[in-house]
Amino acid sequence: MGFLDLKDIEEREIVLGYRAKFVHSEDMTLAYWDVDPGAELPEHSHHHEQVANVLEGKFELTVDGEARVLEPGMVAVIPSDIPHGGKAITPCRLLDVFHPTREDYK
């Protein structure tokens, strides 16, 4: 695959207010999200491990019933099959890394 420029990747809205550009490797998916303030991500789970990074803004993330407000530089490690969801408190830029690859995001 080599080098990519995010500006050349088509943005997709997966959930209302959550738009992402996806980069896939053989074993991982990176999701670069732009999130509208107040946009909610319903609680869900999946077999993928996930590392959630806040790049800009404030995001309230609930993992397995525990809620935290994440700000830039904060990271959450979400194991496989653990329920999680969240809400953007402000406009946000997030980076989620998934293992294995998210086939549903291709």
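Residues: numbered from 1 along the sequence shown. Note that the structure is predicted; figures quoted are calculated from it, not measured.
At a cut-off of 3.5 Å, with distance as the only test, a side-chain donor of His44 or His84 sits close to an acceptor on the other residue. Defined by atom type and a distance below 3.5 Å, a donor-acceptor pair is missing between the side-chain atoms of His24 and Thr101.
Side-chain contact between Val51 and Asp96 is absent, with no heavy atoms from C-beta onward closer than 4.5 Å. Side-chain contact check for Leu4 versus Val23: some heavy-atom pair is nearer than 4.5 Å. Side-chain contact between Arg102 and His46 is present, with at least one heavy-atom pair separated by less than 4.5 Å. Contact check for Pro83 versus Asp64: side-chain heavy atoms found under the 4.5 Å cut-off. For the pair Leu94 and Leu55, the minimum side-chain heavy-atom distance is 4.5 Å or more. Between Pro100 and His48 there is a side-chain heavy-atom pair separated by less than 4.5 Å. In this structure, the side chains of Ile78 and Leu61 come closer than 4.5 Å at one or more pairs of heavy atoms. At a threshold of 4.5 Å between non-hydrogen side-chain atoms, the residues Val97 and Gln50 do not count as touching.
Put simply, OG1 on Thr29 and CG on Asp104 are 8.0 Å apart, with the number rounded to the nearest 0.5 Å. Interatomic distance, CZ of Phe59 versus CG of Leu41, reported as 5.5 Å (0.5 Å rounding). Rounded to the nearest 0.5 Å, atoms NZ (Lys87) and SG (Cys92) are 11.5 Å apart. Interatomic distance, CD of Glu49 versus OG of Ser80, reported as 5.0 Å (0.5 Å rounding).
Checked by atom type and distance alone, the side chain of Thr90 pairs as donor or acceptor with a backbone atom of Lys58 at under 3.5 Å. Between the side chain of Lys21 and the main chain of Leu6, a donor-acceptor pair closer than 3.5 Å is present. At distances below 3.5 Å, not a single donor-acceptor pair connects side-chain atoms of Asp34 with backbone N or O atoms of Arg19. Without hydrogens or angle criteria, Thr62 side chain to Gly65 main chain gives no donor-acceptor distance under 3.5 Å.
Listed by chain and number, the hydrophobic cluster partners of Val69 are Ile89, where partners are ILVMFWY side chains within reach of under 4.5 Å, directly or through others.
In this structure Tyr18 satisfies the ring pair (Phe, Tyr, Trp, His ring centres under 6.0 Å) test with no other residue, sequence neighbours excluded.
Minimum interatomic distance between Gly57 and Pro72 (heavy atoms only, all atoms of both residues): O-CD, 3.2 Å.
No chain of hydrophobic side-chain contacts below 4.5 Å, direct or via other Ile, Leu, Val, Met, Phe, Trp or Tyr residues, connects Met74 to Leu30.
Remark: of the listed residues Tyr105, Tyr32, Phe98, Tyr105 is the sole one forming a ring pair (Phe, Tyr, Trp, His ring centres under 6.0 Å) with Phe22.
Salt bridge annotation for Arg68-Glu66: present, with a cationic side-chain nitrogen under 4.0 angstrom from a carboxylate oxygen.
Residue Glu103 places its CD atom among more than 12 non-hydrogen atoms of other residues, nucleotides or ligands, all under 6.0 Å distant.
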